[in-house]
Amino acid sequence: MSIKNLEQLMTIPQWSTKKTPVICVNVIQETHNVKTFQFRANSPQLFTFKAGQFIGIQLEINGERHNRSYTIASSPSRPHLLELTIKKEQGGAVSPWLHENILVGSELEVRGPAGRFNNLDIESDKVLLISAGSGITPMMSMARFWSDVEPSKDVRFLNWVRSVEDIIFRRELSLLDFKTPAFELDVICTQPGLSENWLGRRGRINTTVLKDMVDDINDREIFCCGPEGFMEQVKICLEALDFDISHYHDESFDPGGKKKAKLAEVKGGSAQNSPQTNPNEPIRNIYQVKLIKSGQQFEIRSDEILLDKLEAQGVLIDTGCRAGNCGACRVHKISGRTETQNETGLLREDRQRGDILTCTTHVKSDIELEL
Ligand code: FES
């Protein structure tokens, strides 16, 4: 669709959160291994979401199905296009395919948006955005948003990269720094390279550097995104600085939620959703799942993931991380017993209400869902 007049522009409907077919309208080579893909919806829609959220895509590559989540890098203040900035991971199954196959005119289907890591659900006055590598994408969405709608927002932006040639959005970051009065930027190279005339900061994150760069760090709401090891290091630094960790928020798409599941084990095993096992109940491993609204009913084995089974039955569920972190696949359980490996994506109120995350849930009795 091409916009022909202003009236047409003002009457575009808002994004619904179901499957949305989109078409690629531009591809930007950000660095040697990072591209930004700009999409518009096939039928005109304004992309409404919260800065920091992500979408899910499902692809079939060589006959194999892949689900991936990508943070939206664009800002909801510029809702006509949806931008995904994606690093080509060496040996990856999906990102190299996207880099090679998504061209102007290519079509995809996206699901979402989803995610509690965003700048509206988490209130803030002064913020510190910390990222490493391609973890910059949610930070960029937030920074663009604040620059557009609240340029006086006090935003401190720190981005760690390996070398100068790995700086994503380099020119735009400089522009944000130049035009947004309360935006302050530092890009830190861990290995600038001998041939690089890098006048900025160098080195890895540590407590002294962090305190030196952000002397009012304890007054700020922190958003952090990057590899697990980097985020762990950030948390260690914050602990050393007596930072109140309730003001720290991070984002990870750890596939399978392995790390968090492991943490749950260490803290006393996987989370159980009441009611507890009845000792008089015969041990079974095939149970009935009853969907109350649709009337659908099917069987599930106790070693199957509930989300996989729902999808196999043709039930449309929003998904994102598929690892228990984002909350996108939450459904209300009316009755029955389930177990989960990771439910970081559930708020305490959700849990108390009886909601479960289908992507990390195993069924342990006959259950009824509000679907
Ligand atoms: S898809 Fe993210 S919590 Fe289930």
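These numbers come from a predicted model, not from an experiment. We count ligands from 1, going down the list as the structure has it; atoms in each ligand are counted the same way. For this chain, numbers begin at 1 and follow the sequence in order.
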Just list the side-chain donor-acceptor pairs under 3.5 Å for residues 49-61, sequence neighbours left out, or say none.
| residue | atom | partner | partner atom | Å |
| --- | --- | --- | --- | --- |
| Lys50 | NZ | Asp121 | OD1 | 2.9 |
| Lys50 | NZ | Asp121 | OD2 | 3.3 |
| Gln53 | OE1 | Lys50 | N | 2.9 |
| Gln53 | NE2 | Gly115 | O | 3.0 |
| Gln58 | NE2 | Asn67 | OD1 | 3.0 |

request  = Kindly state whether the ring of Phe223 and the ring of Phe117 have centres lying under 6.0 angstrom apart.
outcome  =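 Between Phe223 and Phe117, the centre distance is under 6.0 Å.
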Kindly list each side-chain donor-acceptor pair under 3.5 angstrom involving residues 123-132, sequence neighbours excluded, with atom names and distances?
| residue | atom | partner | partner atom | Å |
| --- | --- | --- | --- | --- |
| Ser124 | OG | Lys153 | NZ | 3.0 |
| Lys126 | NZ | Asp216 | OD2 | 2.7 |
| Ser131 | OG | Asn159 | ND2 | 2.9 |

Donor-acceptor pairs under 3.5 Å, side chain of residues 204-211 to any protein atom, not counting sequence neighbours: which ones?
| residue | atom | partner | partner atom | Å |
| --- | --- | --- | --- | --- |
| Asn206 | OD1 | Thr208 | N | 3.1 |
| Asn206 | OD1 | Val209 | N | 2.8 |
| Lys211 | NZ | Asp215 | O | 3.0 |

ask   = Hey, are Lys333 and Glu368 close enough for a salt bridge, meaning a charged N less than 4.0 Å from a carboxylate O?
value =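 Not counted as a salt bridge, because no side-chain N and carboxylate O are separated by less than 4.0 Å.
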task = Considering only NZ, NE, NH1 and NH2 on the basic side and carboxylate oxygens on the acidic side, decide whether Glu172 and Arg144 come within less than 4.0 Å.
result = yes
ask   = Counting no waters, how many protein N/O/S atoms sit under 2.8 Å from atom 4 (Fe) of ligand 1?
value =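 Protein heteroatoms (N, O, S) closer than 2.8 Å to atom 4 (Fe) of ligand 1 number 2.
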